[in-house]
Structure formats: C-alpha cells, structure tokens
Amino acid sequence: MKRTLSFLLQYGTLVLFGGLGALLLLYGEKEPHASLTENRMLAGFPELSADTVKSGDFMSGLEEYLCDNMPERDWLVEQADLLMSRFSLDGPADEEAAENALYEQVMAMAQEDTTDDTPGPATMEAPALTAAPTAGPTPASTFEAEATPVAVSEASPTPESASPEPVSKKDLSAIPSCALTLTEKNGRLRTIYTFSPENIRGMIMTLDAYRAVLPADGRVFFAQPPFPSVANNLINGLCVDWNSDLEATINAYSDEGVCMVNVLDVLRQPLLDGESMYFTTDHHWTPRAACYTANVMLQTMGIDPKPYDSYSFITYRDFFGSAANGPSYRSSHKPDTLEILIPTTPVKGYKISWDRSEEESPLLFYRPSYAAFLGGTQGPWRRFETGVDCGRCCLVIGDSFANCFLPFLTPYYETVHATDLRGSYYDQRHAQWTVSEYIRENGIDDVYFILSTANGVNTVNLIRTLRDCL
Amino acid sequence: MVFSGLTFLLLFLPSLLILYFLSRGLRWRNGILVIFSLIFYAWGEPIMVLLLIGTTLFNYLVAKRMAACTDVRGKKLCLILGVAGSLAGLLYFKYAGFFLATLADLFGFRLDFAAPRLPIGISFYTFQILTYTVDVYRGKAGVQKNFWRLLLYVSCFPQLIAGPIVQYSDVAAALDERAISLDDFVDGTRRFLLGLGKKVLLANTCGSFLLTVLPTGTGPRSIAGAWLSAFLYSLQLYFDFSAYSDMAIGLGRVLGFSYKENFLYPYLSASPTDFWRRWHISLSSFFRDYVYIPLGGSRRGKARRMLNLLIVWALTGLWHGAAWNFVIWGLYWFMLLVVDKDLSRLWERVPRFLRWLFTLFAAVVGWTIFYYTDMPGLGAHLSALFGGGLPWLDAATASAFRQYALFLPMACVAAAPIVPQLKRMSQRRPWLALGGTVFAVVVGLLSLLFLIRQSYNPFIYFRF
C-alpha cells in the first residue's frame, strides 16, 4: 500500500512536470515581453529553423522561454529568494555593517578614481547659473553666472511647448483619458498604460492642492518616469518611439504654477542616441536621466542649469542593481556603470524623526549601490542644507526614483527637503505635523513630485494619500 | 541537454517516459531510447552526434571482424585498430591543441592551430566503447551483432555525457532483455529527484557561495577566504558530479538498467587509497581494469608498480583536462597514494579521526590544484592557504560567510551517508520509506522552483 502511494506521489510529480511543459508550449506568451520586476525583456518562443538548430540558438532559446514564461514566475522567484534568505544570519543591521565594510574598501578605490579620472572637489567648476526671473529662485550669490549650453535643450522640449490648445481651467469633467504608447517598427501603436479621466482628475486635484499652500511664486513640478522595462523596447530596437499625452493634459487642466514634465520627451533622443538613461541591472533610471529631467524643470524657472557632463563624479564600473539575483547573475551579466555626483557645495544632510530629532545622514554615499543616493529611502523626513545662499527651499516628494534626482537640485536651493509618502515609509498616525505645516514651517517655495509609473497617476490610493497628508 | 534544465524536466523526460512505457516489446523500447538519446546528445551538439555514431560504428565493425578472426594475431590487430581509432578522436579533439602548444613553447616556434571545440562527453563515451572492444577481445563479452543495441549502450542518455563510465559487460544482458518493476520505478524516480535536488539546491548554491568568496578570475583576499573557497569548491565538485551520477543511476533504473555506484561518500575516507575507492569509482575501475592491470599491476616488482601507478595517475590527470594543472593534480595523488601504500602499517596506528582529517585536507588541497588552469593563480592560492602575507579575514569573506552561514553545515551533513542510513531504517519502519518519497517529491519541486529562479547552472564535469 505504502509502495503504491510512493509510486503515485512520484508519478504525480512527473505528470506535473509534463503538464507544465505542455501548458507552456500551448499557452505560453510567444512574443518577447517586459518584466517590471526584473527590468528585462522576457523571452518569447525561439525561431525554429535549420540555422537556429545548427547554431544551438533554438535550444538555448527554448530553455529561456520555458523559464521566463512559467506561470506565476515572479511569485515563485520571490518564494525562492525568501527561502534562501532563511539560510542567512544577516539581518538589516548586519547588512548595514557589511555595507560599511564595503564602503571602507571602495573609498580607497574612489580616491584613486578621483585622482585618475575625475577632477576632485577642489578642482570642480562652479555651477553655471543665469539670473533667475522674478518667479524663479535667486541664483546663489557665491556662484559666478556664466552661459553654459544646456545639454538637454535640443532633445527636450519644455512642457509649455508641448501643451495642447488652451482649455477652460477647472472644467475637470472634460478631461479625456490619456495613454502612454510605444510605436512599433510597423507604425502600430502599442498602449502600455492608460490613464482614466478619474485618475487624472485625482492627480490634478493633488497637484493643485499643493500649489495652493505654496507662496505666490511657488511652483509644483511633477515627473512620472516610466520603468526601464518600457524603455527597453526603444533600447532594444523593438519600438521606434514612445509618447504620452498625459503631461499635456495635466498641464492644461491644472492651476498656474503646476508643471508636469514629459519624461518621455526628455529621454527620447538620448535613448535613441544610445545614452545610458536606465540601468540594465537595476530597475531605476540613471543619474544622467534624472539630471536631464531636473534641468528641464529648472529651465521653466528661467534657470540655465549645469549640464550633466560638467559635474564631477566618482564612477563605479561594477554596479549590479536590484535585478542582479545572486552571484550567478553576476557571472553571466555585464555590470552597469554608476556615476555618483560630487556635490558642488559641501551639502549637509539630516534625517528627521517623528519626534523632530535630527541625525546627520549624508546626501551621497560612495559605493556601488543605488542606495548611494541619500543612503536609500528613509522616513519620514530628510533635510539637506546645501550651503547655497539663495533664500529658496524646495521639497521633493517621491519614490526611489527621486533619490538620484534630488542631488541635481542642490546647486539651486538653500535647503532641499525630501519625503516619501508611501505607506511603508510614512505613517500618518505618527505624524506630528501635516505636510502643509511642514511646508509653512520650513519656508518651502517649490515642490517636486518624482513618482515612477509604478507609483504615479494610476496609483489612486497613493495620490489620495498625498492629498490627505497635506 | 542537461538533467537540471527545464527542457529536460518538462518536455524531454515526460515525453520519453510516456512513449517508453506505452510501447510493448524490447525492440520498440530500445528504438525509442536510441532516438531520444541521440536527440538528448544532439541538443547540445547537433553536428557532433555524427562523431558519436561514427565511433560506435567503427568499433562495431572492428569487433565483428575480431570475432571472425581465428588467429590471435588477427584479433590483436583488430584490438589495436579499435583502441587506436577510438582514441584518435579523443586525442584530436581534446589534446591536439594542448600538445602542439606545449611543443611550440618548448621549441620556440609559432603555431597557427586553432584547437577544435571539445564534443560534450567525448571522454566518457570513448572509454565506454573501449571497454566493449577490449571485453570482446578478452572474451569477457560476446560480440554485439545488432548495431542499434551497441549504439544504445554507448548513447544511452542517462550516462552519456557525464558518466558513470559503464563497462559493456555490466549492461550487455540488459540490452537484450530487461524487466522494470514497480520498485525499480519508485526507487529510480526517488534517486533521480534527490539527485536533482543535490545538483540544484546544493551544488549550485555552493557555486554561488564560491563565486561570492572567490569571484571568477580573482585570487583569495585572506587566509580564511582561501580555505573557505577551497572547501566550497570541494563540496561543489562532489555535489555536482555525484548528483549527476545519482540522476543517471536513478533514470537508468527507471528504464531497466542497473548501473554501479559511482560515489560512496568520499569525504569520509580515512586514507588517500580509500578516497579513490569512493570517488568516481567507474573511472578508477576503468583505469584499474584497462590500464593498470594490463601494464602488470603490482605483480612485477616494486619499481614496475611505481611506474604503472605513475602512468595511471598521469593519465587520470590528463583525462580530466588538457592542461598542466591536471597533470600536476594527477601526480600529486600519485605521490600521496605511493606514500599511503608504503606507510600503510604505520598509518593504521594513527587515530581514525586524524587520518580522516588528513585525507580531507589532502583532497581540499588537491581540488585547489584542480581549480586553477593558470599556474600563477594556482601558486597564489596555494600560498594564500598557508599565509602568503594575507590578512586572516577580509570583509567580503566574512559577509559571504554570514550570508550562507546556515547553508554550510547543512551541506556538510548532506555529504554524509544520511540516505543509506534512513534506507536501512526504513526496512523496519515502512512509514520512513513513504516519508522518503514525500521528501524526494518536495526536493524535486523545490529544485524546479530554484531552476526557475536561476538560469545559470552548468555541470562542471561536462568539460571533461
């Protein structure tokens, strides 16, 4: 009896294997498609021909296809990772200790890199600023104004230039639905995200609400960078263009002083030119892409921002990010290059707790990790005193995409504040002040929303939370 | 194709088993097995499958001619022809580049010779076909009149590309007649699933751990790092290769073949001789039966025995790879075995724990030689094992150790004979056998989970 039961159990396992195989062959996604969590294109069914069989491409392609199209793959991978983590003694504190050890090691390397490749802080040029218009921030008096060409100006039309025809403000019932689309090689449009009128309306209400608590000359900026899996379609040549009409719609229907930058417009040409706008081993955009976006925002205030290439960086050429799943991934993938800015002024950073106590925490950490920017997201509040004497302050509200964006604001603001209002970083029950109180108490002039598509307009709860926290 | 690939697990194996067990009669089953075995081989080597078929055909014809010869001289000529013809392919594909490069270095001439790509499993199937020709010559086995059955012997996919090296006389009967019982299916499947787990969960994790401590192309950064990486490589090699043998033996049993054991917990050995009775047994047996004994073994005096051993171990080293480190590794074991045999009486007086510790130490150092094909890298690692001016511990090793801390003791336990012990106990307690099946199924499903997670899992022994 027990023998028969053993037979049935094992037979069942083999039947399960075979069933999975048949299911994948019959119903698996045959075309390559993007994975949001892994930041890569998942394999489609390989081409079957004499050449692909002879070269072995069909065989390796089939293995990839079976692996990539497994039902509930993301969940399964997550469970496997969870299981592996059970064999580790490391908790968060240990990871921090390990990072510190690594930090010690790479600082020595960074020092060499600085002397070899990049000018050190002492040799850095002052940022290029032009006199700001009355509505914009005052340029730092310590900086000399000089006319530096703006790297992104050609490739990146300002949001105003992309605005549709004027519509009557606040007629929010007339908002159309919008979409982010990819243009395939054959001219066919593929819709990646659609944004319903309700969701757009919610976002506009949030942006307007923030604008209302700012001073008269205050500005609210919003950028919604797509995930790299979307950009990969352009990078890999599967598509020839990408577009979104969301930004123009939001700009048309929101209050004066609110500006949503079309990140797709900003990044299109650099992407097509092969510039590194997204990491290949991480699900974030690169500091270069963040800088291009920041500069477009700054330009709308009449600032002539410093081009990305004129900053100094410490460069790591062995960066593996969030998609790097263990050492086996590392041995089979090429690492990314990570450029970490050397601030133009000695920026001092602080973490602010719920009880208003402050703890020093640097703006940037020099190590090959995306957490190099701000040391990663840490709630509830951050404050960076830039040493720039311009009398203007800003608040950056965002997700992790904001972390590598924020440093590019430091040359133009006296203080840059930051918060991430997502539930895992900000708990309203502990908040001793509302965001509007924080804005008032700290004299904030401008607010920047940097939310990736995963946390943007379609994340109804988060957008409502942004309003509720105000 | 590899056993630990989704193509094999989800498509190849289920299709084969359905067709194999639906067909009635040995002819059909043999035919299906030959076709699937050739597909299995051609999956990784579409063209080289012709070399496999050609080598088999050559030996089939030579053996037939040998059987037809009535005089000893004719038989001997056929044997020489068969052995030389079989080895010619191996020598060309595996060693031509190495020997020519060595000669060019020695005599200082420039050589434009691109070494051919090594066909997968050529070292294994060449030795297998050699056992057929030699066994027919010795009269140990009858000549196989059916070419397809001989092709099945050589190409049978469970043992085709990474062993065990199955001697013809061991499976000759099963080629002509075999029965498969429920016990064969249950035990074989269980062995396969446990082997799959050993490869995917243990060997691959050891490999990942090793890459963290010793990234490819680098040397150790501390003494602890040097020892940990050497130990991890030893574990990875064992799990990787013995897992393949487990899967091969398990699948063989499901299909009605009975293959001999290839590993018997070698890291529990108490002497170098004992180690080689437990590690890659089918290779040791091959060299003993087809090289050492024909050379005279230990029957022709001490000096000749030493020479015979030296030849065997130099060949054993070279069989593993066409590089000098493998030759050094073979000679390293030769020296240990000679000392072990000469001092055996003295050695037996040492407490078993110390003998075990020494043997483990010798094996770990040996695998370090095995790991490096570049001499400066090998020198640096050996020096690091014994100090080499490095710190005791570096941050990366400490961090990796903590990351895999609970895995390491688990892997050590898994290298001990737990399964045979449980199997013995299950004879008295049948529920234990059922528990073993449940465990094997869970291991199989976990392996599938980890295969989905990781796409990089090569078998190390393929390169031999």
Side-chain angles (χ1 to χ4, degrees), chain A residues 1-7 9-25 53-56 59 62-68 70 73 76-81 83-90 94-95 97-102 104-105 325-332, chain B residues 1 5-7 9-15 17-18 43-47 182-183 185-186 189-190 193 204-205 207-212 215-216 394-396 398-399 401-407 410 430-431 433-434 436-438 440-441 444-446 448-457:
Chain A
M1 177 63 189
K2 288 191 173 75
R3 204 68 184 157
T4 312
L5 209 57
S6 289
F7 168 76
L9 259 173
Q10 290 172 193
Y11 182 72
T13 309
L14 294 175
V15 168
L16 175 74
F17 283 7
L20 264 176
L23 190 76
L24 285 165
L25 280 187
V53 169
K54 195 178 157 199
S55 65
M59 291 78 159
L62 184 65
E63 186 73 22
E64 274 178 43
Y65 168 78
L66 292 172
C67 191
D68 282 358
M70 188 61 66
R73 182 173 189 277
L76 290 172
V77 169
E78 216 171 273
Q79 298 312 306
D81 284 342
L83 198 65
M84 276 309 289
S85 68
R86 298 273 182 252
F87 291 101
S88 170
L89 287 183
D90 284 352
D94 299 305
E95 278 169 20
E99 274 194 0
N100 286 341
L102 181 64
E104 297 285 326
Q105 286 184 359
N325 205 350
S328 55
Y329 178 99
R330 290 168 189 239
S331 60
S332 55
Chain B
M1 203 181 295
L6 294 182
T7 310
L9 291 172
L10 307 187
L11 301 178
F12 183 92
L13 186 60
S15 318
L17 292 181
I18 289 168
W43 202 257
E45 298 282 2
I47 302 296
L182 188 69
D183 279 357
F185 185 89
V186 170
T189 313
R190 188 192 297 151
L193 290 173
N204 285 2
T205 310
S208 300
F209 192 176
L210 174 64
L211 273 174
T212 314
T216 310
D394 64 297
S399 168
F401 189 78
R402 291 188 66 79
Q403 194 187 340
Y404 289 93
L406 300 182
F407 167 77
M410 198 182 80
W431 59 267
L434 186 63
T437 302
V438 173
V441 168
L445 294 175
L446 276 177
L448 185 68
L449 183 69
F450 275 74
L451 282 175
I452 295 165
R453 178 177 175 263
Q454 64 194 25
S455 52
Y456 178 79
N457 63 339

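In this text, all values refer to a predicted model and were calculated from it rather than measured experimentally. Reminder, nothing fancy here: chain letters follow the sequence lines and each chain counts from 1.
With a threshold of 4.5 angstrom between heavy atoms, B:L182 approaches chain A through side-chain atoms but not through N, CA, C or O. Contacts of A:M70 with chain B are made by side-chain atoms alone, with heavy-atom separations under 4.5 Å and no backbone atom involved. In this structure, no portion of B:I18 lies under 4.5 Å from any heavy atom of chain A. Contacts of A:L23 with chain B are absent, with no heavy-atom separation under 4.5 Å from either backbone or side chain.
In this structure, A:F7 CZ and B:T189 OG1 are separated by 8.0 Å, a value rounded to the nearest 0.5 Å. Between atom CG of residue B:L13 and atom CG of residue A:L14 there is a gap of 6.0 Å, rounded to the nearest 0.5 Å.
At least one donor-acceptor pair under 3.5 Å links the side chain of A:E63 to the backbone N or O of B:L6.
Of all non-hydrogen atoms in B:P14 and A:G18, the two that sit nearest each other are CG-CA, 3.4 Å. Heavy atoms only, all atoms of each residue included: B:V186 and A:Q10 are closest at O-NE2, 2.7 Å. In terms of heavy atoms, B:V441 sits closest to A:L9 at CG2-O, 4.0 Å. Contact record, B:L10 with A:L24: CD1-CD1, 3.9 Å, taken as the closest heavy-atom pair.
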| request: May I have the step-by-step check of side chain to side chain contact (heavy atoms under 4.5 Å, CB included) for B:L11 and A:L62, ending in yes or no? | output: CA-CA 10 Å; B:L11 301 178; A:L62 184 65; 3.9 Å; yes
